[in-house]
Visitor: 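Sending over a structure as structure tokens; questions will come in a sec.
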Amino acid sequence: MAAAMGAQAALEAALLTAHNLPHTERLVRQYVEQVDGADYTVPEFDEGLEWINTDGPLRLHTDLSGKVVVLDFFTYCCINCMHLLPDLHALEQKYSHEDGLVVVGVHSAKFPNEKVLENIQSAILRYNITHPVVNDADANLWHELQVTCWPTLVILGPRGNRLFTLVGEGHREKLFSFISMTLKYYKEKGKIEDQGIKLKLYKDSLPPSSLLFLGKIAVDNSTGNLAIADSGHHRILVIGKHGQVHYSIGGEKSGWKDGSILEATFNSPQGILMKDNIIYVADTENHVIRKIDLTTEKVSTIAGTGVQGTDKEGGKMGVKQSISSPWDLAFGSIGHAEPNLLFIAMAGTHQIWVIFLEDGKLPGGTEYKKGTCVRFAGNGQEENRNNSYPRKSGFAQPSGLCVSPREWNCLFVADSESSTIRSVSLKDGAVKNLVGGERDPMNLFAFGDRDGIGINAKLQHPLGVAWNEKTKLLYVADSYNHKIKVINPKTKHCTTLAGTGKASNVIGPNFKQATFNEPGDVCVGENGNVLYVADTNNHQIKVLDLERETVSVLPVTFADAVDSSQSIKPKKGSRLPKSAVSVQQTPLVVSPCQTLQFRLKIELPVGAKLTEGAPSFWALWAEDHEWFFVGQKIDGEIVNLENEIVFVVPAQVQTNELVLSIDVCLYFCNINDKKCQMKGISFKQPLEFSSTCEEIISTVDLPFNF
């Protein structure tokens with residue numbers, strides 16, 4: 001083995017001085033001729049191993065004889081292993097089994113949870129792996145081939161002879177060069193066989209699911225709506241607190257496209273934030289940060305180039321700055337009353353970055369302009385290093401973020417690969433341990449499942465954190481322990497809140513009997529009374545009532561969703577009573593792209609007030625003009641008479657004029673005689689369209705006196 005490694009080291013040194021492509025190919029061919037004559041044969045796969053995506057076990061020296069085989073040693077928690085998958089996918093697209101290439105994933109687990117077949121199957125679905133994968137749970141082949149880190153590629157010749165080893169990510173050009181010349185060499189010698197490999201993809205055996213491998217969840221406290229990264233479906237969902245989907249943005253297929261919410265595409269989005277009508281998205285596998293504006297119904301990219309970056313400093317403006325696998329987001333501020341920073345858990349470079357939403361500065365005094373994307377903390381090395389100086393600290397695949405602005409003035413971080421929860425001061429940037437891990441910064445194997453204080457508590461690959469301002473407690477998605485845990489930052493005491501530690505899907509009847517399957521995030525809602533859980537491998541949102549200690553599943557329904565994955569016609573809103581009054585409005589000349597803000601100016605009878613909890617509503621319609629409402633919110637609740645109804649005129653209009661109906665239905669009671677009534681009003685607003693698109697905002701009053 002040492003001789004083989006030495007020969008490859010000599011090759012790579014020679015490649016550094018190669019003059020051109022023919023010179024490179026000649027050096028690689030000479031190397032293959034040299035090692036082909038040596039006895040570097042790899043042992044057979046062990047009997048009884050679990051295989052995925054195949055009809056049965058594969059034998060290296062029979063089924064794969066006559067093939068150039070790439071063994072991909074990986075573990076599914078590893079972000080660097082994920083970074084390698086696009087390279088392998090591209091390689092498989094270029095060379096088929098009939099061409100003589102077979103890729104075999106060798107899953108060699110880091111965490112105990114990753115040894116379980118069902119969990120590996122879920123990961124294979126999540127990352128769309130379509131080549132054979134073997135569960136090397138005891139790492140026998142890993143040790144036999146002297147593999148030392150994830151990911152590692154071992155390239156074999158057609159008789160199972162070891163040729164090349166590539167350690168880590170970022171070797172795409174070298175990988176393609178080695179495979180190209182190896183296939184050419186052995187084809188010339190007649191050693192390549194063109195038979196196929198019988199695949200049986202695991203994904204083909206499963207029924208469709210309305211949600212698939214949920215990423216993060218966010219709550220808009222002003223409306224109670226949730227934003228969800230439906231990562232497996234490459235889309236963002238905006239849903240009401242009772243589960244009705246208002247918007248579905250993105251679709252079944254991955255991509256990177258800005259523009260209308262009906263056309264935008266994402267690639268395995270994870271992190272998400274929502275405030276008012278703005279949603280920020282960590283579009284993980286596109287390596288970008290996206291912004292969704294529900295008012296204009298537009299999606300834009302605000303940071304990242306769409307290509308995985310290796311820069312560990314940053315400092316460029318937005319879309320000029322390359323980034324790597326952003327996994328979560330959090331609002332925060334330094335020196336501002338309102339949040340002026342968008343923090344990013346940059347899993348790919350093991351750091352915390354920020355985007356400046358306004359001009360500002362970081363601890364240390366450096367000034368940055370609005371839109372700048374720059375490193376905040378982490379040296380870029382994968383380690384569990386705490387330090388008073390943020391840029392000397394080290395993280396290991398940070399995957400969850402939240403801010404406690406008042407109580408602690410810090411950023412809490414779920415640092416998944418060190419199995420710790422850390423804090424980063426927003427005053428001076430100091431990075432400290434809260435719970436989990438151990439004192440040795442290089443030990444990334446100090447994981448477990450133990451309640452306790454500080455480093456005596458143990459977690460296993462936590463992915464999500466959420467601060468509850470009401471309880472002053474921090475909630476944690478302890479993913480590989482299949483639990484939700486809670487931490488008191490004052491005492492550093494970490495305890496199990498919900499889950500049994502076994503991966504399954506039991507709803508209740510209480511926290512301790514409920515179960516989860518690799519929960520990926522937690523989010524506080526309902527003024528601190530509810531905890532939403534992204535139960536990732538169960539493809540569900542679970543709702544934990546923190547007062548009653550009950551668990552339920554949020555029923556997600558798509559009946560009236562604005563869905564970008566399919567062309568839909570909006571349905572007419574709720575009907576008014578037959579006694580509804582029709583009110584003719586003054587005609588308006590409006591422009592495509594113009595925003596109309598309709599303001600209710602309704603006077604109830606003296607002594608009357610709206611009935612709390614009654615279904616007062618507004619609805620929009622224009623007969624025979626369904627196109628006018630595609631992508632729009634066309635109805636909603638009325639909770640007070642200060643409601644504004646916002647509507648954006650489409651950029652492409654299909655008529656010169658139409659009449660827009662703004663229907664209002666009110667339930668109100670007289671506080672004196674206790675009489676209650678339901679009354680309807682239909683405001684008829686004639687609209688005439690100009691030809692020029694103007695992104696302006698106009699206010700239109702809707703007056704009525706009962």
Visitor: On a heavy-atom basis, which atom in Thr305 and which in Val319 lie closest, and how many Å separate them?
Guide: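 The pair with the smallest heavy-atom distance is CG2-O, 3.5 Å.
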
Visitor: Return yes if a side-chain donor-acceptor contact under 3.5 Å exists between Asn656 and Glu688, otherwise no.
Guide: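 Short answer, no.
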
Visitor: Tell me yes or no: between the side chains of Ser661 and Asp663, is some donor less than 3.5 Å from an acceptor?
Guide: no

Visitor: Quick check against the 3.5 Å criterion: does Ser324 have a side-chain atom that pairs as donor or acceptor with the backbone of Thr310?
Guide: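 No: the side chain of Ser324 does not pair with the backbone of Thr310.
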
Visitor: Is the backbone N or O of Ala534 less than 3.5 Å from a side-chain atom of Asp521, with the two atoms forming a donor-acceptor pair by type?
Guide: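 Here the side-chain-to-backbone pair does not exist.
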
Visitor: Taking the six-membered ring for Trp, is the centroid-to-centroid distance between Trp467 and Tyr475 below 6.0 Å?
Guide: no

Visitor: Ser552 and side chain to side chain contact (heavy atoms under 4.5 Å, CB included): which single residue from Val530, Ile541, Val543, Leu544 fits?
Guide: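 Going through the options one by one, the only one that passes is Val543.
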
Visitor: Specify the closest pair of heavy atoms between Ala227 and Met274, including all atoms of both residues, with the distance to one decimal.
Guide: CB-SD, 3.8 Å

Visitor: For atom CD of Glu695, is the number of surrounding heavy atoms from other residues, nucleotides or ligands below 6.0 Å larger than 12?
Guide: no

Visitor: Would the number of heavy atoms belonging to other residues, nucleotides or ligands and lying under 6.0 Å from NE2 of His625 be above 12?
Guide: yes

Visitor: I'd like to know if the side chain of Asn340 and the backbone of Ile334 have a donor-acceptor N/O pair within less than 3.5 Å.
Guide: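 Indeed, once roles are kept as given, a pair shorter than 3.5 Å links the two residues.
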
Visitor: What pair of heavy atoms forms the shortest contact from Ile638 to Cys665, and how long is it?
Guide: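 Answer, listing the atom of Ile638 first, then Cys665: CD1-O, 4.5 Å.
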
Visitor: Looking at every non-hydrogen atom in both residues, tell me the closest pair between Pro686 and Gln585 and how far apart they are.
Guide: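 Looking at all heavy atoms of both residues, the shortest contact is CD-O, 3.4 Å.
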
Visitor: So do the side chains of Asp545 and Asn529 get within less than 4.5 Å of each other, counting heavy atoms only?
Guide: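 The answer is no, as the side chains (C-beta and beyond) never meet within the 4.5 Å cut-off.
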
Visitor: State whether the number of non-hydrogen atoms from other residues, nucleotides or ligands found under 6.0 Å of Glu637 atom CD is greater than 12.
Guide: no

Visitor: Does any non-hydrogen side-chain atom of Leu687 lie less than 4.5 Å from one of Phe689?
Guide: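 Heavy-atom side-chain distance check passes, below 4.5 Å.
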
Visitor: Going by atom types only, do Lys203 and Asn128 share a side-chain donor-acceptor pair under 3.5 Å?
Guide: yes

Visitor: Would you say the ring centroid of Phe706 lies under 6.0 angstrom from that of Phe668?
Guide: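 Judged by ring-centre distance (under 6.0 Å), Phe706 and Phe668 do meet the cut-off.
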
Visitor: Regarding Ser690 and Ser591, do their side chains bring together a donor and an acceptor under 3.5 Å, going by distance alone?
Guide: yes

Visitor: Is the number of heavy atoms from other residues, nucleotides or ligands under 6.0 Å of Glu642 CD greater than 12?
Guide: no

Visitor: Is the shortest distance from a Lys or Arg side-chain nitrogen in Lys369 or Glu358 to a carboxylate oxygen in the other one below 4.0 Å?
Guide: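 So Lys369 does not pair with Glu358 through a salt bridge.
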
Visitor: Taking the six-membered ring for Trp, are Phe647 and Phe628 closer than 6.0 Å centroid to centroid?
Guide: yes

Visitor: Less than 3.5 Å apart, any donor N or O on the side chain of Asp258 or Thr301 sitting next to an acceptor on the other?
Guide: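 Distance-only check passes for Asp258 and Thr301.
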
Visitor: Could you check whether any side-chain heavy atom of Pro398 comes within less than 4.5 Å of a side-chain heavy atom of Trp327, counting everything from C-beta outward?
Guide: no

Visitor: Just checking Lys253: does its NZ atom have more than 12 heavy atoms from other residues, nucleotides or ligands closer to it than 6.0 angstrom?
Guide: no

Visitor: Between Phe598 and Phe683, does the ring centroid distance fall short of 6.0 Å?
Guide: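 No, ring centres 6.0 Å or more apart.
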
Visitor: One thing to verify: whether Asp701 and Arg599 come together as a salt bridge, which I'm taking to mean a side-chain N less than 4.0 angstrom from a carboxylate O.
Guide: yes

Visitor: Got a salt bridge between Asp535 and Lys542, using NZ or NE/NH1/NH2 to carboxylate O under 4.0 Å?
Guide: yes

Visitor: Would you please name every residue forming a salt bridge (charged side-chain N to carboxylate O under 4.0 Å, His left out) with Asp283, sequence neighbours left out?
Guide: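 Applying salt bridge (charged side-chain N to carboxylate O under 4.0 Å, His left out) to Asp283 gives Arg290.
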
Visitor: If you take all heavy atoms of Phe343 and Phe331, which pair is closest and at what distance?
Guide: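 So the two residues come closest at CD1-C, 4.3 Å.
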
Visitor: Testing the 3.5 Å rule here: is there a donor-acceptor pair between the side chains of Thr265 and His234?
Guide: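 Short answer, no.
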
Visitor: Lys470: which residues meet the salt bridge (charged side-chain N to carboxylate O under 4.0 Å, His left out) condition with it, sequence neighbours left out?
Guide: Glu547

Visitor: Is the shortest heavy-atom distance from the side chain of Leu341 to the side chain of Ile355 under 4.5 Å?
Guide: no

Visitor: Closest approach of Ile261 and Lys298, non-hydrogen atoms and distance?
Guide: CG2-N, 4.0 Å

Visitor: Flag the pair Leu211 / Val556 as yes when at least one side-chain heavy-atom distance between them is below 4.5 Å, and no otherwise.
Guide: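 In short, these two side chains touch, coming nearer than 4.5 Å.
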
Visitor: Taking everything shown except Asn527 itself, do over 12 heavy atoms lie less than 6.0 Å from its CG?
Guide: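 Result for CG/Asn527: open.
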
Visitor: Quick one: does Ile292's side chain get under 4.5 Å of Ile278's, heavy atoms only?
Guide: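 Not touching, per the 4.5 Å side-chain cut-off.
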
Visitor: Report yes or no: do Glu694 and Thr692 form a side-chain donor-acceptor pair below 3.5 Å?
Guide: no

Visitor: Any side-chain heavy-atom pair from Val354 and Ile344 closer than 4.5 angstrom?
Guide: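 The answer is no, as the side chains (C-beta and beyond) never meet within the 4.5 Å cut-off.
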
Visitor: Just by distance, no angles: are the side chains of Ser682 and Lys684 close enough, under 3.5 Å, to form a donor-acceptor pair?
Guide: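 Short answer, yes.
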
Visitor: State, yes or no, whether a side-chain contact exists between Ser698 and Gln594 at a heavy-atom distance under 4.5 Å.
Guide: yes

Visitor: Under 6.0 Å from the CD atom of Glu367, do we count more than 12 heavy atoms belonging to anything else shown?
Guide: yes

